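Structure first, commentary second.
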Protein chains: 2
Amino acid sequence: MFGVTGCKGGKKLFCKLTDNRSTTLTKKQQAIEDREYELLVIAKALVVEEGFANLTMDKIAAASPYSKGTIYNHFTSKEDVISALGSQALLHEISLFRRAQTYDGLSREKVVAMHVAYHLFARIEPILSMCVLTSRTPWVIEKTSPERLAYINRLEEELVAITDAIFARGLSSHDLTLPEGMTTDSIIFANWSMAFGSNALINNAANSSCVARILQSQSILMNINIMLDGMGWLPLSSEHDYQQVWQHIEEDIFSDEVAYIATLKR
Amino acid sequence: MFGVTGCKGGKKLFCKLTDNRSTTLTKKQQAIEDREYELLVIAKALVVEEGFANLTMDKIAAASPYSKGTIYNHFTSKEDVISALGSQALLHEISLFRRAQTYDGLSREKVVAMHVAYHLFARIEPILSMCVLTSRTPWVIEKTSPERLAYINRLEEELVAITDAIFARGLSSHDLTLPEGMTTDSIIFANWSMAFGSNALINNAANSSCVARILQSQSILMNINIMLDGMGWLPLSSEHDYQQVWQHIEEDIFSDEVAYIATLKR
DNA sequence: ACCTGAACACCGTTCAAGT
DNA sequence: ACCTGAACACCGTTCAAGT
């Protein structure tokens with residue numbers, strides 16, 4: 001349904017993956033962006049097939065209609081390709097977070113919607129998710145172009161801005177009262193840490209019998225409940241069935257994504 | 001004071017870095033282990049000097065008294081070296097966690113002590129900390145020897161066993177009552193996620209203006225307070241000055257480490 | 001101005017020879 | 001049995017030539 005190359009009827013639900021949102025591009029610039037997207041699709045497919053360890057620039061060139069030199073016009077190094085895939089992931093996350101924001105519910109339910117989005121993304125795009133983790137690594141960062149690092153920063157700030165809006169709503173609705181010494185930033189940091197940490201560990205469950213043993217189906221929601229309860233964000237998990245909220249969010253906002261994940265399992 | 005090679009009076013405070021704890025080794029096995037440790041010290045120093053991107057097997061060999069072939073007797077690949085450094089990190093963390101357990105205080109204070117240990121480790125050994133993050137990456141895992149992956153798993157399980165003991169104490173002292181649907185495992189997972197996530201993001205602050213902006217000095221403790229409050233672990237942060245507890249832990253248990261970090265800042 | 005792919009150089013990795 | 005380092009092979013990266 002949402003294959004590597006396929007887009008549902010041009011709606012670009014899953015394909016808004018380049019940064020052509022605010023600026024109008026010349027035809028040539030657009031062509032270059034399209035080619036970069038094309039190359040990244042190829043790179044991702046290669047990783048799916050042969051793993052990160054076997055990804056080579058040669059293979060990317062061979063699997064594309066372009067030459068090695070052209071690949072290097074887009075990416076300064078192999079690691080830069082991974083970072084570019086990571087930035088695609090962020091772009092996709094941004095669009096999912098935007099969608100999560102539209103969930104019609106209490107402020108805390110909107111936060112849960114954001115975490116649903118984050119978790120679904122990790123399942124829809126496991127490879128891109130890995131790229132986000134990998135691209136946070138000095139190994140990769142050190143060989144990523146400064147331009148792309150700056151771009152990743154911009155995307156991250158955009159993500160933070162979206163979450164910021166949701167947290168502001170919690171405050172204005174008085175569902176959340178900032179505990180002493182806490183700021184909106186620290187709330188964002190707590191959410192980000194928990195989401196990133198849970199996700200990173202779960203991604204590695206396949207490699208770590210230890211993590212796999214700890215893991216249960218609802219451990220993500222549990223972590224989020226613990227955290228939001230700790231902030232005193234109303235209604236508390238003891239008073240409200242967030243498991244059901246999670247399901248409603250999946251059905252109302254992310255039904256396409258859930259359906260897609262179901263096809264993956266087969 | 002605790003330099004790369006130096007150990008304080010043979011006490012091996014910082015140097016218990018190989019897995020020779022339960023088994024007695026022959027003289028030859030011991031020599032091989034010592035050499036592996038020697039090589040890892042060299043590798044770490046090279047990363048400090050020239051970064052991860054410039055680490056090569058040639059340089060490790062050149063900086064050591066051994067040949068390339070011997071390096072490959074210890075490590076199956078360059079990535080295997082990174083994983084080996086990651087396992088050193090885990091070994092060091094285990095010893096710090098053991099020490100954290102000795103803090104004489106309430107059950108929740110002991111949990112804080114563990115997080116202090118984790119945080120101090122990240123500051124004492126930033127490179128090894130990065131190696132833990134990097135070695136959780138498919139890029140590195142795919143080229144790590146199965147034996148080392150199994151070893152890392154063993155170490156992780158040991159870490160979990162230590163934290164398990166602390167959480168059991170919380171339950172037996174009735175400071176912690178498991179909320180419905182929660183198990184000890186989910187408590188461990190929440191703590192691990194939060195600690196790993198916070199740490200990973202902070203490690204990357206240097207590269208991400210976004211994270212740097214969010215960060216404040218006490219954001220780690222704040223995250224932990226939120227999480228433990230959310231579990232209802234008594235006494236709550238509103239009733240107890242955990243900032244002061246953090247300081248006491250640093251003074252009572254980790255004064256050497258704190259002093260060492262102070263020397264780094266200069 | 002951009003693309004090409006042969007050529008280069010730099011490692012990662014191996015293995016025959018040595019001890 | 002283990003160590004050595006020359007040799008190999010495989011990329012990552014560049015750049016002179018082509019369009």
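Small disclaimer: the values here were computed from a predicted structure and weren't measured. Residue numbering restarts at 1 for every chain, and letters A, B, ... go by the order of the sequence lines.
Atom CD1 in Ile71(B) sits roughly 11 Å away from atom P in dC3(D) (whole-Å rounding). Nucleotide dG5(D) holds its P atom 17 Å from the CD1 atom of Ile60(B), rounded to whole Å. Rounded to an integer number of Å, the gap from Leu55(B) CG to dC10(C) P is 17 Å. In this structure, the CG atom of Asn54(A) is 12 Å from the C1' atom of dC10(D), given to the nearest Å. Taking atom NZ of residue Lys59(A) and atom P of nucleotide dG5(C), one finds them 20 Å apart after rounding to whole Å. Spacing between atom OH of Tyr66(B) and atom P of dT4(D) amounts to 9 Å, rounded to whole angstrom units.
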request  = Begin from the C-alpha positions of Leu90(B) and Tyr151(B) and carry the test side-chain contact (heavy atoms from CB on, under 4.5 Å) through to its verdict.
outcome  = CA-CA 10 Å; Leu90(B) 290 177; Tyr151(B) 176 52; over 6 Å; no
request  = Check the pair Arg98(B), Glu158(B) against salt bridge (charged side-chain N to carboxylate O under 4.0 Å, His left out), reporting the backbone distance first and the verdict last.
outcome  = CA-CA 11 Å; Arg98(B) 288 247 165 73; Glu158(B) 201 162 327; 3.0 Å; yes
inquiry  = I'd like to know whether Lys143(B) forms a salt bridge (charged side-chain N to carboxylate O under 4.0 Å, His left out) with Asp80(B), so could you lay out the CA-CA distance, the side-chain angles of the two residues, the decisive distance to 0.1 Å, and finally the verdict.
reply    = CA-CA 7 Å; Lys143(B) 300 199 79 180; Asp80(B) 203 39; over 6 Å; no
remark   = The dot-bracket string of DNA chain C, counting Watson-Crick and G-U wobble pairs with both distances under 3.5 Å, using [ ] for crossing pairs and | for pairs to another strand, is ||.|||||...|||||.||
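For Thr70(B), a side-chain nitrogen or oxygen approaches OP1 or OP2 of dT4(D) to under 4.0 Å. Proximity of Asn73(A) to the phosphate of dC2(C): no side-chain N or O atom is located under 4.0 Å from OP1 or OP2. Contact between the side-chain N/O atoms of Arg35(B) and the OP1/OP2 oxygens of dC3(D) is found at a separation under 4.0 Å.
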ask   = What string of B, S and - do you get for nucleotides 13-19 of chain D, 5' to 3', if B is base contact, S is sugar-phosphate-only contact and - is no contact with any protein heavy atom under 4.0 Å?
value = BB-----
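Annotation: side-chain hydrogen bond (donor to acceptor under 3.5 Å, both in side chains) contacts involving residues 126-141 of chain B, sequence neighbours excluded, comprise Arg136(B)-Glu156(B).
No side-chain N or O of Glu157(B) forms a donor-acceptor pair with one of Asn153(B) less than 3.5 Å apart. Between Ser83(B) and Thr144(B), the side chains place a donor N or O and an acceptor N or O closer than 3.5 Å (distance only, hydrogens not considered).
One P atom belongs to dA7(D), the other to dC11(D), and the distance between them is 22 Å to the nearest Å. Rounded to a whole angstrom, the distance from the P atom of dT13(D) to that of dA17(D) is 24 Å. Remark: the separation of the P atoms in dG5(C) and dA1(C) is 22 Å, to the nearest Å.
Under the 3.5 Å distance criterion, the side-chain polar atoms of Lys59(B) are matched with a main-chain donor or acceptor of Asn54(B).
Ion pairing of Arg123(B) with Glu257(B) is absent here, as no side-chain N (NZ or NE/NH1/NH2) approaches a carboxylate O to less than 4.0 Å.
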